[in-house]
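Below is one structure, written out as structure tokens, with a few remarks after it.
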Amino acid sequence: MTDTSRPDIIYTKVDEAPERASASLLPIIQRFAAAADVSIGTKDISLAGRILATFPDHLTDDQRIPDDLADLGELVKTPDANVIKLPNISASVPQLLAAVRELQSQGYAVPDYPETPETDAQKQIRARFDTIKGSAVNPVLREGNSDRRAAAAVKKFAQNNPHRMGEWRADSKTRVTSMSGDDFFSNEKSITLKDAATARIVLKTASGETVLKDAVSYPAGTVVDATFMSAEALDDFLAAEIDRTKSEGVLFSLHMKATMMKVSDPIIFGHAVKAWLAPVFEIHGDRMNDLGVNPNSGLGDLLERVKDVPEIMAAIEAVTAERPPMYMVNSDKGITNLHVPSDVIIDASMPALIRAGGKGWGPDGNEADTVCVIPDNSYAPVYDEAVKFFKANGKLNPATAGTVQNIGLMAQKAEEYGSHPTTFEIPEDGTVQMILGDGTVLHEHAVSKDDIWRSASARKAPIEDWVNLAIERQKATGYRSIFWLDANRAHDAELIALVKPILEAKGVTDKFEIMAPAEATRASLETITKGENTIAITGNVLRDYLTDLFPILELATSAKMLSIVKLMQGGGLFETGAGGSAPKHVQQLDEENHLRWDSLGEFCALGESFKFLADAKGNVRARVLGEAVEAATQGILDHDRSPSRKVGQPDNRDSHYWFARYWAEALAAQSDDAALAEEFAPVAKALAENETAITSELAAAQGRPADTGGYFHPDPKKLTAVMRPSATLNGIIG
Ligand SMILES: NC(=O)C1=CN([C@@H]2O[C@H](COP(=O)(O)OP(=O)(O)OC[C@H]3O[C@@H](n4cnc5c(N)ncnc54)[C@H](OP(=O)(O)O)[C@@H]3O)[C@@H](O)[C@H]2O)C=CC1
Ligand SMILES: O=C(O)CCC(=O)C(=O)O
Ligand SMILES: [Mg+2]
């Protein structure tokens, strides 16, 4: 250990399925690492933890917890960072409300979330909650660009054990649809600042000038964009698509990223809720407003608020009967696409639909072709092109398909994913201007009431780092390497102007192609269909979208991805997989004590984290641990020890037993560190000898409800009891 006060590696405490899995896996990791004098600490970035850390003034002394996210945010800006980051909840308002309710029920007097803050005190509480809402964690930790790919062993396993994919038919009625203009894509303006600057954003209207945001500062070389989506054009588009879907006799679906795009996308989602129930809002709008209905929170919240008003309920029923069938989140429970803004998240939802052969689940519990509404044109062409490709060529064959790796521009809140503080729902017709300190008007748009205006930016140092990372990966692999940039889009044109000179200076221009997203999607699908590989070098949004899309097609899930963030200040952030926290898995655990979460992403990240510790800090024993982790991960794949989906079959806990066993066997077998070999030989032996006892104890736990004492804030003792039910295994691990 180099720094006695800080653990060598930080393992994050998160939410939902990965947090349940950690209750079983982390004790194993800590025990094994301790034998090599490597310390593994934890930091709480869970939704519940962040709420508690944000409201210490409402808690008793013993309930208070430190602001771990703030600490980690500082740590990732130092060369000492070595963080294993599991997926956490990016909370929509309904999730935030539910977490607050649960904490209150557990005796934590955290305040209610003020939905319509009026007093100063309420506004202050709301502002504190707003720092917790949406993707409030990842952007703080991601001080580097993203390198996501399937490890060679994982890809090989997927080719040898191809997962099932739905058939794509040429006559499928599934299609992707976007606005015909007046969206973020078409209204975008972009400029690269020569010098460092500050800007203010103002709205000028007939009644005067309002400062929307003051003193935004940019270092020299920042690419600054501004754009807006017309509310009127959006409403016309949504109304037309609802009608068109009805006439086509398919499911209606909307795919947004309301979590990460926490300001703009809930508003767009709210427009869809209003469009769906337009006649109800026309007649009962005022009454619904009085009842606290906020369409941005979804149909679920709306129904809860109007359920005791028979005339509104009747009007909703009448309108629903006229609507096309909706794509469902859970048809058994009547949960629709529009119930909660965070239930259908585009990066996961579109790939799942494409993998299923263009099918979504309808209200009748059957699969059907689906219209996929993605209002903005910036990235929708990726899915549109993929749908067209599979209609023409049939489904992808995972047994022979090559792979698409990703190098994503992500550092320092790059592009749209950092745009929340500079996104506004326009209160009044007028002109939005971005004005620099010296008075220059950088960008200007004429806007109407309710339009969604936003500015995004990307800094020079992250852009250069991203291009260099791409050059490094291209050199290491020799794969076809494509920058997914559209010369006809304002922001991308600025990026292209920055990318090209770097490639030229390094003499590698001929190694890279530059294509717009639709064209790049086609080229990538053609490449992997031939069994060849490619690197997609993309901006931040496509980093997110593609690292679910291609893994889900190639490997069935993005949970198995290697997800490395080489921090710009020299540290390492190792994300586990590329997916989320799988709320459905928790439901299954609660109901039948079976956890189907696959920790392969954690295994891959752990191996990388140890290797980083070895390389960066010269910790020789960490290398031994890391190499043994890789052998254990290989063992999991070779012997097919990943969790199954069904109760009564081996689950997440069984896979951890096997991981521990293979890890111990690899440590016992290596000859680089005799002491470690000696220490782990008996552990490996005990784990092997007790296989029947351990797997029987694990199997016996399944098949009845499990009580972890909370959804967002489980009771640690109960969680441990559920996730570590094998006394024999616990005895060996210690
Ligand atoms: N890095 C991060 O911190 C991220 C966080 N999120 C957050 O996660 C939550 C859920 O997001 P959502 O978009 O629904 O996506 P998820 O990736 O959580 O879920 C989609 C589906 O993918 C499958 N899946 C995902 N991970 C695993 C795994 N490790 N093992 C097995 N199967 C897996 C599951 O399929 P099946 O049900 O068929 O088993 C799951 O239902 C949200 O709160 C979101 O904000 C989302 C993305 C990234
Ligand atoms: O931070 C989030 O909300 C989601 C992040 C995500 O989906 C990703 O990075 O792949
Ligand atoms: Mg994602």
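Just so you know, ligand 1 is whichever comes first in the structure, and atom 1 is the first atom listed for that ligand.
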Would you mind checking which non-hydrogen protein atom is closest to [atom], with the distance to 0.1 Å?
atom	value
atom 32 (N) of ligand 1	His585 CE1, 3.2 Å
atom 26 (N) of ligand 1	Trp597 CZ3, 3.4 Å
atom 9 (C) of ligand 1	Ser581 OG, 3.2 Å
atom 10 (C) of ligand 1	Pro583 CD, 3.6 Å
atom 41 (O) of ligand 1	Lys584 CE, 3.7 Å
atom 2 (C) of ligand 1	Asn138 ND2, 3.4 Å
atom 36 (P) of ligand 1	Arg596 NH2, 3.4 Å

Please confirm whether [X] comes under 4.0 Å of ligand 1, counting heavy atoms of the residue only.
X	result
Gly601	no
Lys85	yes
Arg645	yes

Using ring centroids (six-membered ring only for Trp), state whether [Y] and [X] fall under 6.0 Å.
X	Y	value
His491	Phe184	no
Trp663	Phe603	no
His639	Tyr662	yes
Phe252	Tyr327	no
Tyr545	Tyr383	yes

Answer with side chain, backbone, both or neither: which part of [X] has a heavy atom less than 4.0 angstrom from an atom of ligand 1?
X	value
Ala348	side chain
Leu600	neither
Ser342	neither

Of the non-hydrogen atoms in [X] and [Y], which two are nearest, and what is the gap between them?
X	Y	result
Gln634	Ala153	OE1-CB, 3.2 Å
His594	Ser644	NE2-O, 2.8 Å
Gly360	Thr370	N-OG1, 3.3 Å
Ile528	Glu554	CD1-OE2, 4.4 Å
Ser581	Ile89	OG-CG1, 4.1 Å
Trp597	Ala17	CE3-CB, 3.7 Å

Pick one: which of [options] meets side chain to side chain contact (heavy atoms under 4.5 Å, CB included) with [X]?
X	options	value
Asn138	Leu573, Asn88, Thr259	Asn88
His656	Ile28, Ile636, Ile29	Ile28
Ile407	Asn145, Thr538, Asp147	Asp147

| field | Under the side-chain hydrogen bond (donor to acceptor under 3.5 Å, both in side chains) test, residues paired with Asn161 that sit two or more places apart | value | none
For ligand 1, find out whether one of its N or O atoms is nearer than 3.5 Å to an N or O atom of [X].
X	value
Ala582	yes
Glu575	no
Asp347	no
Leu86	no

Pair [X] + [Y], salt bridge at N-O below 4.0 Å:
X	Y	answer
Lys257	Asp544	yes
Arg596	Asp651	no
Lys43	Asp71	yes

With a cut-off of 4.0 Å, which atoms of ligand 1 are near a heavy atom of [X]?
X	value
Ala559	26 (N), 27 (C), 28 (C), 29 (N), 30 (N)
Gln95	43 (O)
Ile89	43 (O)

| request: In sequence, state the C-alpha distance, the side-chain angles, and the governing distance for Thr534 and Gln405, and then conclude on side chain to side chain contact (heavy atoms under 4.5 Å, CB included). | output: CA-CA 6 Å; Thr534 167; Gln405 305 188 338; over 6 Å; no
| message | Return all protein N, O or S atoms below 2.8 Å from the Mg ion (ligand 3), chain by chain in residue order. | response |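 Result, waters dropped: Asp347 OD2, Asp544 OD1.
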| message | Let's go through Ser419 and Glu416 carefully: what are the C-alpha distance in whole Å and the side-chain angles of both, what is the deciding distance for side-chain hydrogen bond (donor to acceptor under 3.5 Å, both in side chains) to 0.1 Å, and is it a yes or a no? | response | CA-CA 5 Å; Ser419 67; Glu416 291 92 332; over 6 Å; no
| field | Working for side chain to side chain contact (heavy atoms under 4.5 Å, CB included), residues Trp168 and Ile354 | value | CA-CA 9 Å; Trp168 266 99; Ile354 292 172; 4.1 Å; yes
Using heavy-atom distances, let me know which of [options] sits nearest [atom].
atom	options	answer
atom 5 (C) of ligand 1	Leu47, Asn88, Asp548	Asn88
atom 44 (C) of ligand 1	Ile345, Thr576, Val137	Ile345
atom 17 (O) of ligand 1	Gly134, Pro18, Ser563, Gly580	Gly580
atom 45 (O) of ligand 1	Gly579, Ser90, Pro643	Ser90
atom 30 (N) of ligand 1	Ile552, Asp598, Thr12, Thr259	Asp598

| request: Sorted by first residue and then second, give each ring pair (Phe, Tyr, Trp, His ring centres under 6.0 Å) pair with at least one member in residues 132-159; sequence neighbours left out. | output: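 The answer is none; no pair qualifies.
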| field | Amino acids contacting ligand 2, non-hydrogen cut-off under 4.0 Å | value |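 The 4.0 Å shell around ligand 2 contains Ser90, Ser135, Asn138, Arg142, Arg148, Lys257, Met260, Asp347, Arg543, Asp544, Ala578.
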